[in-house]
Number of protein chains: 4
Amino acid sequence: MDKVSKHTLKSNESYQRLMDAAFKVFGQYGYDKTSIDLLAKEAGYTKGTFYLHFKSKEDFFLEFMDHKLSVYKQHFLPLLNSNATFESIISQGIKIFYKLSNEDNWIPLFFEFCSIAVRNESVKERMSIYYQEWFKIICMVLEKGKQTNRLSANLDLEITSRKIVAVLDGYNLQNSFVSNSYSLDQIEQLIKQILGLD
Amino acid sequence: MDKVSKHTLKSNESYQRLMDAAFKVFGQYGYDKTSIDLLAKEAGYTKGTFYLHFKSKEDFFLEFMDHKLSVYKQHFLPLLNSNATFESIISQGIKIFYKLSNEDNWIPLFFEFCSIAVRNESVKERMSIYYQEWFKIICMVLEKGKQTNRLSANLDLEITSRKIVAVLDGYNLQNSFVSNSYSLDQIEQLIKQILGLD
Amino acid sequence: MDKVSKHTLKSNESYQRLMDAAFKVFGQYGYDKTSIDLLAKEAGYTKGTFYLHFKSKEDFFLEFMDHKLSVYKQHFLPLLNSNATFESIISQGIKIFYKLSNEDNWIPLFFEFCSIAVRNESVKERMSIYYQEWFKIICMVLEKGKQTNRLSANLDLEITSRKIVAVLDGYNLQNSFVSNSYSLDQIEQLIKQILGLD
Amino acid sequence: MDKVSKHTLKSNESYQRLMDAAFKVFGQYGYDKTSIDLLAKEAGYTKGTFYLHFKSKEDFFLEFMDHKLSVYKQHFLPLLNSNATFESIISQGIKIFYKLSNEDNWIPLFFEFCSIAVRNESVKERMSIYYQEWFKIICMVLEKGKQTNRLSANLDLEITSRKIVAVLDGYNLQNSFVSNSYSLDQIEQLIKQILGLD
DNA sequence: CATGAATGAGAGTTCATTCAT
DNA sequence: GATGAATGAACTCTCATTCAT
């Protein structure tokens with residue numbers, strides 16, 4: 001049983017504590033400037049323990065990234081089974097996105113993911129898969145809109161979902177550098193315009 | 001050709017070649033993974049030459065970033081004096097953006113800027129200034145649209161410019177990971193929708 | 001033998017070996033010309049081990065200097081409890097000083113301490129403290145001379161101790177450059193003259 | 001005509017300016033921590049000029065040391081032809097010594113000389129010669145004391161001169177670290193005691 | 001005479017990784 | 001499972017020295 005498979009269970013405490021520590025330190029200092037020493041100490045262990053569980057720093061980062069993006073995605077799954085009106089589901093989704101985005105360390109971490117993904121083919125693929133899943137969830141939500149006649153039957157959901165993601169990502173990026181760049185309302189207004197709900 | 005100018009010429013050349021090399025190596029490997037050794041070698045010099053011109057790696061990066069963002073911005077300035085129709089100015093702008101974005105190394109470099117800016121207050125400020133200038137240029141273009149009655153007089157140009165930037169950045173980000181994520185036409189269509197030109 | 005003690009033993013050994021190596025290499029090459037690489041190699045380790053124990057070269061030097069001066073001082077402490085005659089205690093003290101001074105590397109090392117102390121306020125303070133302790137020990141010895149009526153009750157011990165230290169340091173310095181500059185007898189004679197024992 | 005011989009004349013301005021700068025920067029930062037860049041700049045030149053005149057940093061330092069020690073010595077030569085009383089010549093000499101010792105940078109520089117001399121045979125020889133000259137001057141002064149019956153005819157002048165130098169050097173060293181360690185009066189008193197003038 | 005662009009060896013320091021305990 | 005001593009490669013940065021101008 002190799003190291004990696006041990007963690008496919010994702011059950012033991014050290015795994016969780018290292019993941020939590022990673023969120024903090026990778027977010028705060030970035031991948032390169034975070035030493036294993038610091039990461040382990042933050043988790044309450046020492047360097048040695050880290051290598052007991054993970055093959056290398058890179059290996060760990062990839063696993064951490066998968067974990068993080070997967071957890072991120074899960075926050076939106078309840079929307080798929082919601083009984084609320086279409087408009088309120090949309091609002092709800094934007095609110096969740098807004099809240100997650102403003103969580104400490106998330107945006108810096110996301111840039112870190114981007115920075116690394118853009119230079120590493122295999123990481124890029126993971127990001128691509130993540131985006132595809134993202135589009136899919138939005139498509140499923142939008143489908144509800146069509147079914148309830150809130151959206152035009154002609155709307156290309158695939159394209160529309162990509163537009164929505166672009167807008168959300170774009171606002172997020174902008175907000176990282178320009179303070180008070182946007183409000184929840186503005187995002188909501190723009191997305192509704194895109195959906196033809198205005 | 002006197003002594004001074006020969007020395008100055010040489011100095012200017014090494015400065016410029018280091019800047020050019022930076023675009024390549026920072027884009028390719030990222031800030032942390034790029035060593036001064038590599039950067040200098042890429043420019044055809046040795047480490048020592050680098051430190052003849054710049055105080056430190058960080059110092060250099062900031063200067064390089066300023067330089068790069070300033071050059072980037074300049075590509076859009078001709079739009080301000082264009083005599084073309086409003087719609088074609090918009091198309092033209094998007095085309096320029098699209099072309100620059102697809103230049104090798106630009107997107108990775110931009111993520112690098114983001115990654116560093118988000119953790120460094122002084123870099124963040126530079127990014128903020130850059131974004132402000134960006135908004136301003138777009139506002140000036142949109143103003144033309146108002147003057148020629150192509151845009152509604154009620155349109156809040158400040159907010160609209162931010163929306164446009166968000167959309168462009170967002171599509172750029174998406175396109176870095178999802179291949180064939182969008183076409184020029186799609187961006188143009190979305191921006192025209194935002195402007196109420198559809 | 002439990003885990004902790006084995007680790008601790010190893011750690012103590014490398015610490016001690018680095019200190020010992022420092023006596024040799026700092027004495028031989030001086031502070032600036034001694035590289036951490038050389039120091040570590042002399043101790044039988046590599047650079048990394050050095051940084052396991054010490055924060056920086058400067059930090060290490062200060063710790064080493066404290067250590068060395070403290071050990072130096074300890075050689076004289078037995079004099080304080082000696083039952084020998086006052087004159088023989090004085091002779092004994094000078095002999096110890098002479099022996100320590102002729103130990104390989106000590107004088108060069110002492111100049112190194114001086115060189116650095118004179119330019120660094122915090123090192124200077126340590127040197128000052130060291131001299132004060134030095135004066136004190138001599139005062140305590142001289143006090144015995146007063147109690148046994150070998151020294152005049154009028155003698156200012158504080159000032160006299162400083163004179164003795166000056167003479168010893170001065171001869172040491174001279175002896176570093178002028179071969180056969182002085183003999184033990186000459187120092188002893190001068191100090192006895194200062195004490196009014198002649 | 002080689003580089004060195006140019007300067008045997010010791011006439012040109014650059015020579016003097018570099019010597020003056022050296023006194024300041026070597027005194028302030030020490031040999032190793034003083035860069036040629038800084039030295040030249042302090043003298044009002046650039047690196048290149050330095051190498052126009054001197055073969056290497058070490059070469060320059062030795063020449064500077066010779067120069068400095070020679071100038072130092074010259075301050076005492078007037079004593080040899082003085083018509084004052086023996087006691088006042090002694091006082092005068094100590095005063096000159098005291099004044100020179102308290103000149104900014106001199107003591108640190110002297111330690112630098114010691115530090116380097118003790119590790120370099122040829123520099124050591126220069127120091128030895130300097131000390132010999134030093135002893136000689138003092139001997140010549142003391143001879144006057146004998147001729148005027150102020151000193152015992154039995155006094156071994158050679159040994160006495162060495163004692164005096166030891167006392168002066170020793171007090172100087174002490175004074176570098178222990179503030180208010182000694183006064184002119186104390187030195188004078190001790191030296192007079194050594195001479196049997198008390 | 002004087003400059004300063006360029007070099008390259010070498011410095012102090014960090015850190016991912018290994019492994020005996 | 002957990003530790004921490006040890007390594008060595010790689011990094012940023014400095015500086016004595018050279019030489020074309």
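Lettering follows sequence order; numbering is per chain, from 1.
Checking the phosphate oxygens (OP1, OP2) of E:dA2, a side-chain nitrogen or oxygen of D:His53 falls inside 4.0 Å. The shortest distance between the side-chain N/O atoms of D:Ser56 and the OP1/OP2 oxygens of F:dA16 is not below 4.0 Å. Close to E:dC1, at under 4.0 Å from its OP1 or OP2, lies no side-chain N or O of D:Ser14. The phosphate of E:dT14 has neither OP1 nor OP2 within less than 4.0 Å of any side-chain N or O from C:Tyr51. Taking only side-chain nitrogens and oxygens, D:Thr46 comes nearer than 4.0 Å to OP1 or OP2 of E:dT3.
Atom CD in C:Glu13 sits roughly 13 Å away from atom C1' in F:dA6 (whole-Å rounding). At whole-Å resolution of the value, CZ in D:Phe50 and C1' in F:dT18 are 14 Å apart. What separates OH of B:Tyr45 from C1' of E:dG4 is a distance of 14 Å, to the nearest Å. Distance CZ (B:Phe54) to C1' (F:dC13): 15 Å, rounded to an integer number of Å. To the nearest angstrom, P of F:dT3 lies 11 Å from NZ of A:Lys41. Spacing between atom CZ of A:Phe61 and atom P of E:dA16 amounts to 13 Å, rounded to whole angstrom units. Across the protein-nucleic acid pair, C:Arg17 atom CZ and F:dA5 atom C1' stand 12 Å apart, rounded to whole Å.
By the 4.5 Å heavy-atom criterion applied to side chains, B:Trp106 and B:Lys68 are counted as neighbours. At a threshold of 4.5 Å between non-hydrogen side-chain atoms, the residues D:Lys41 and D:Lys47 do not count as touching.
Side-chain contact of D:Gln16 with D:Asp20: a donor-acceptor pair under 3.5 Å is present, judged by distance alone. Side chains of D:Arg17 and D:Tyr45: a donor on one and an acceptor on the other come within 3.5 Å. A side-chain N or O of C:Tyr15 and one of C:Glu63 form a donor-acceptor pair less than 3.5 Å apart.
In this structure, C:Arg119 contributes its side chain and C:Lys124 its backbone to no donor-acceptor pair below 3.5 Å. A donor-acceptor pair is defined here as one N or O able to donate and one able to accept, closer than 3.5 Å; such a pair exists between the side chain of C:Thr34 and the backbone of C:Val25.
Residues from residues 30-39 of chain D with heavy atoms under 4.0 angstrom of DNA chain F, sorted by number: D:Thr34, D:Ser35, D:Ile36.
Here E:dT3 is the nucleotide among E:dA5, E:dT3, F:dT14 with the atom lying nearest to any side-chain atom of D:Thr49. Nearest nucleotide to the side chain of C:Leu52, out of E:dT13, F:dA6, F:dT17: F:dA6.
Ring pair A:Phe64/A:Phe61 is tilted by interplanar angle, where 30° to 60° counts as tilted. Taking the six-membered ring for Trp and thresholds of 30 and 60 degrees, D:Phe26 and D:Phe60 have ring planes inclined between 30 and 60 degrees apart.
Looking at A:Lys57, its side chain has no donor and acceptor atom pair within 3.5 Å of the base of E:dT17. You'll find a donor-acceptor pair under 3.5 Å spanning the side chain of B:Lys47 and the base of E:dG10, going by distance alone.
Taking the centre and axis of the six-membered ring of D:Tyr31, the NZ or CZ atom of D:Lys57 falls inside the cone set by 45° and 6.0 Å.
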- Per-nucleotide pairing state of DNA chain E [Watson-Crick or G-U, under 3.5 Å; [ ] pseudoknot-crossing; | other strand]: .||||||||||||||||||||

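Each of B:Lys55 and A:Gly48 has a nearest nucleotide on DNA chain F; the 5'-most of these lies closest to A:Gly48.
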